[in-house]
Q: 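Would you mind keeping the following structure in view while I ask a few things?
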Amino acid sequence: MKLNKTRFCPSPTGLLHLGNLRTSLFSFLIAKKTNGSFLLRIEDTDLERSKKEFSDAICADLKWVGLEWDEGPEVGGEEKSYYQSQRLELYQEFYEKLLDQDLIYPCFTSEEELKIIRRNQIAAGQPPRYTGVWSQASKEEVQEELDKGNKPVYRFRIPKKTTISFMDLVKGEQSFSTDDLDDFIVRKKDSTPTFMFANAIDDSLMGVDLVLRGDDHLSNTPRQIALLESLDLSLPHYAHVSLFTGSDGAPLSKRNGSLSISDLKEMGYLPIAVLNYLSRVGHTINDNDLKTQKELADSFETKNISSSPSKFDLDQLLFWQKKAVDNLTIDECASWLSGNLDDLPPTVQERGFIELIKENINFPNEAKEYVDNLFVSALSADEENLKIIQSAGQEFFILALEVVNAGLSDWKQTCKDIEARTGKKGKELFMPLRVAITGQTRGPELDKVIELIGLERVLERLQEASQI
RNA sequence: GGCCCGUUCGUCUAGUGGUUAGGACAUCUGGUUUUCAUCCAGGCAACAGGAGUUCGAUUCUCCUACGGGCUACCA
């Protein structure tokens, strides 16, 4: 299929999370794969909840993971604006057209009345449906309300007794009876458009030919199709991807461990790790190689999008993070770690240090911990360390100190000497030394660590250990 | 209530009218690493349930259960 434009159109009522991001990533990858363009549109028609700070944050997050849009806010394009709040005049012409053809009508039933009607319908076991009293109202009745200063909403006259069908690229052939649909609102009382209207109209006006979105929109699709058809506007292809849920199966939220993109950024996740993870949940890629954005696009297949929902799994994200860190060059690693290496003594080469610890870290703060333990802090006597040091005994460290004092040329030889002096061997010998010298039970190879931190620090630490 | 979507190891998933139902993550065991990580070898672990169609259903159909969505002057 030849596509030339996909889109992502968030409403700026909150921060981007992994669910949104995955949907936008799919759209982005399809655009890149097909040499099409990727459009970003901000759907800020809900004046109450939309905030500029959110749309700015969303843009920043998208850029951080590398989803640069070809058309939209900041970069521009053929449209007057990519913020719907600035496109209101544009919608006017369509309202007029619809009104002329009697395809929409004003409705003066208040929200309160609607609520009561709905409640009664549900209580009576009936489908909660707009009863349509205003759909047959006369000009006079309408005028009467207008004269009273009442503002109407406008409802779309859904055609009755027809079937609306479309081919969904993920879910397959879909078919809905319009009898199950009621006359939905296209324009609110404050004259702003509803999502159902603006979203569909804009996709068509902007030449979007693939609408890939969450499957929470699947049953909205027939309404949007009916609207577009009544206006003789072009229909896009549709692809509805299933939800990306929290680990408990509920929609992503703070409560089930959902992280915002800025959380991830702050924690030191690498964009490429996030991208590789997200490309493989709800979509199959045959291998487990860490791929570049371009490679991900090449591997993307709409037919490989899963139609069932998937759960967020931190372990799997972590797996890609490890791979991504491994894949970093020393220079890339340095800039990733910047700010965490500030306490490194001037005598220590940053690159050398990075090379030493790179395999042992997944996040920048772990590098900071190494700096701290190796160069800055006194020996941390947490429970685990204390146990190891105490079971080795004071005598052990005094003897070790003597050996090291006698000259440290080769760590392996030194170990042998300590072994001879103390009678300890294997783990008994090695762990206490590691803990004393590095302050941790784990970490890079000891001889390399010692090479980097120097004799003085080793002595200092053994001294400390001997006094515990 | 109506309409719609979904259900394969704990998780992400592959797969087929006849397979020992495959892989990855996690986990466990062993080896390498005098630690950890890495790496290597191996283990545990799944077709939601019930009917039907069929010589044979995880695969096709229907029902049920469970999860989710829409049914908003939210998107």
Side-chain angles (χ1 to χ4, degrees), chain A residues 9-14 43-46 48-50 84 107 109-111 114-115 118 121-130 151-155 168 170-172 174-177 179-182 184-196 198-199 213-223 240 242-243 245 247-251 277 280-288 304 306-320 322 326 357-362 388 412 415 419 425-431 433-435 438 440-446 449:
Chain A
C9 40
S11 67
T13 54
E43 306 217 325
D44 53 355
T45 52
D46 183 344
E48 298 262 306
R49 298 196 302 149
S50 296
Q84 286 185 327
C107 164
T109 312
S110 72
E111 282 184 79
L114 245 22
K115 253 181 213 161
R118 214 173 287 131
Q121 286 172 325
I122 289 169
Q126 288 168 344
R129 202 65 58 69
Y130 176 65
K151 293 244 161 80
V153 300
Y154 284 83
R155 286 181 184 271
D168 190 276
V170 174
K171 306 274 187 186
Q174 302 292 314
S175 194
F176 294 83
S177 163
D179 291 341
D180 295 321
L181 272 29
D182 59 1
F184 60 91
I185 296 174
V186 291
R187 199 176 90 154
K188 305 178 217 167
K189 199 152 89 176
D190 65 4
S191 304
T192 58
T194 58
F195 157 81
M196 208 67 80
N199 173 267
R213 60 200 339 186
D215 76 356
D216 47 338
H217 289 301
L218 188 58
S219 35
N220 288 150
T221 307
R223 293 173 236 268
H240 288 94
S242 284
L243 234 55
T245 69
S247 41
D248 55 358
Y277 170 59
R280 287 171 171 87
V281 23
H283 173 258
T284 304
I285 292 178
N286 279 327
D287 59 67
N288 262 335
N304 288 346
S306 158
S307 61
S308 48
S310 22
K311 290 179 186 170
F312 171 67
D313 182 27
L314 189 64
D315 281 328
Q316 268 155 32
L317 213 206
L318 218 50
F319 167 77
W320 291 104
K322 275 181 198 165
D326 282 350
I357 61 157
K358 184 164 168 273
E359 289 215 343
N360 285 274
I361 60 171
N362 291 325
I388 291 166
K412 282 220 164 81
C415 277
E419 185 180 335
K425 55 184 181 183
K427 235 179 185 164
E428 299 256 291
L429 167 74
F430 196 74
M431 266 323 254
L433 289 173
R434 165 173 289 279
V435 168
T438 70
Q440 285 172 288
T441 53
R442 38 157 303 175
E445 288 175 59
L446 245 196
V449 172

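Order of the sequence lines sets the chain letters (A, B, ...), proteins ahead of strands, with each chain counted from 1.
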Q: With sugar-phosphate meaning primed atoms plus P, OP1 and OP2, does A/Thr109 contact a base, only sugar-phosphate, or nothing at under 4.0 Å between heavy atoms?
A: base

Q: Distance check, C1' atoms only: B/G2 and B/U20, in whole angstrom units.
A: 47 Å

Q: In whole angstrom, give me the gap between the C1' atoms of B/G1 and B/C44.
A: 46 Å

Q: Reading RNA chain B in the 5' to 3' direction, which nucleotide is the first one with an atom under 4.0 Å from a heavy atom of chain A, and which is the last?
A: B/G1 to B/A75

Q: Which is true for A/Pro128 with a 4.0 Å heavy-atom rule: it touches a base, it touches only sugar-phosphate, or it touches nothing?
A: base

Q: Donor-acceptor pair, distance only, cut-off 3.5 Å: does the side chain of A/Arg280 make one with the backbone of A/Asp287?
A: yes

Q: Quick check on RNA chain B: between A/His283 and A/Leu429, whose nearest nucleotide comes earlier from the 5' end?
A: A/His283

Q: Mind checking A/Gln440 for me? I need base, sugar-phosphate or nothing, with any heavy atom below 4.0 Å counting as a touch.
A: nothing

Q: Got a second to check how far A/Cys107's SG is from A/Arg187's CZ, nearest 0.5 Å?
A: 13.0 Å

Q: Donor-acceptor check, side chain of A/Asn304 to backbone of A/His283, threshold 3.5 angstrom: yes or no?
A: no

Q: Which value, in whole Å, describes the distance between the C1' atoms of nucleotides B/U59 and B/U7?
A: 14 Å

Q: Would the distance check show the side chain of A/Thr221 and the main-chain N or O of A/His217 forming a donor-acceptor pair, the cut-off being under 3.5 Å?
A: yes

Q: If only atom types and distance count, is the side chain of A/Asp182 paired as donor or acceptor with the main-chain N or O of A/Arg129 below 3.5 Å?
A: no

Q: Hey, does A/Thr45 reach any base, or is it just sugar-phosphate, or nothing, if we go heavy atoms under 4.0 Å?
A: sugar-phosphate

Q: Which value, in whole Å, describes the distance between the C1' atoms of nucleotides B/G43 and B/A37?
A: 22 Å

Q: Please work out if A/Arg213 contacts a base, only the sugar-phosphate, or nothing of the nucleic acid, heavy-atom cut-off 4.0 Å.
A: nothing

Q: For atom P, what is the distance between B/C25 and B/U38, given to the nearest Å?
A: 10 Å

Q: In the structure shown, which nucleotide is the Watson-Crick or G-U wobble counterpart of B/A41, with both distances under 3.5 Å?
A: B/U29

Q: Does any nucleotide pair with B/U34 by Watson-Crick or G-U wobble geometry, both distances under 3.5 Å, and what is it?
A: none

Q: Is B/A21 paired to anything, Watson-Crick or G-U wobble with both distances less than 3.5 Å, and if yes, which nucleotide?
A: none

Q: Expressed in whole Å, how much space separates the P atoms belonging to B/A45 and B/C55?
A: 34 Å

Q: What distance, rounded to whole Å, do you find between the two P atoms, one in B/A48 and one in B/U8?
A: 6 Å

Q: Between A/Lys188 (side chain only) and A/Thr194 (backbone N and O only), is there a donor and an acceptor less than 3.5 Å apart?
A: no

Q: Give one of base, sugar-phosphate or nothing for A/Lys189, where a contact means two heavy atoms less than 4.0 Å apart.
A: base

Q: Considering residues, nucleotides and ligands other than A/Glu419, do more than 12 of their heavy atoms fall under 6.0 Å from its CD?
A: yes

Q: How long is the span from the CG atom in A/Asp326 to the CD1 atom in A/Ile361, to the nearest 0.5 Å?
A: 10.0 Å

Q: Hey, does A/Trp320 have a side-chain heavy atom less than 4.5 Å from the side chain of A/Asn288?
A: yes

Q: Contact class for A/Phe184 vs. all strands (heavy atom < 4.0 Å): base, sugar-phosphate, or nothing?
A: nothing

Q: Using a heavy-atom cut-off of under 4.0 Å over every strand shown, decide if A/Pro251 touches base, sugar-phosphate, or nothing.
A: sugar-phosphate

Q: Just to be sure I understand the rule, does A/Thr441 reach a base, reach only the sugar-phosphate, or reach nothing, if contact means heavy atoms closer than 4.0 Å?
A: base

Q: Tell me what A/Val153 touches on the nucleic acid: a base, only sugar-phosphate, or nothing, going by heavy atoms under 4.0 Å.
A: base

Q: Which nucleotide, if any, forms a Watson-Crick or G-U wobble pair with B/C74, using both distances under 3.5 Å?
A: none

Q: In terms of the nearest nucleotide of RNA chain B, which residue is placed more toward the 5' end: A/Tyr277 or A/Arg442?
A: A/Tyr277

Q: Under 4.0 Å, counting only non-hydrogen atoms across every strand here, what does A/Glu43 touch: a base, just sugar-phosphate, or nothing?
A: sugar-phosphate

Q: For atom C1', what is the distance between B/A46 and B/A14, given to the nearest Å?
A: 13 Å

Q: With both distances kept under 3.5 Å, what pairs with B/C3, Watson-Crick or G-U wobble?
A: B/G69

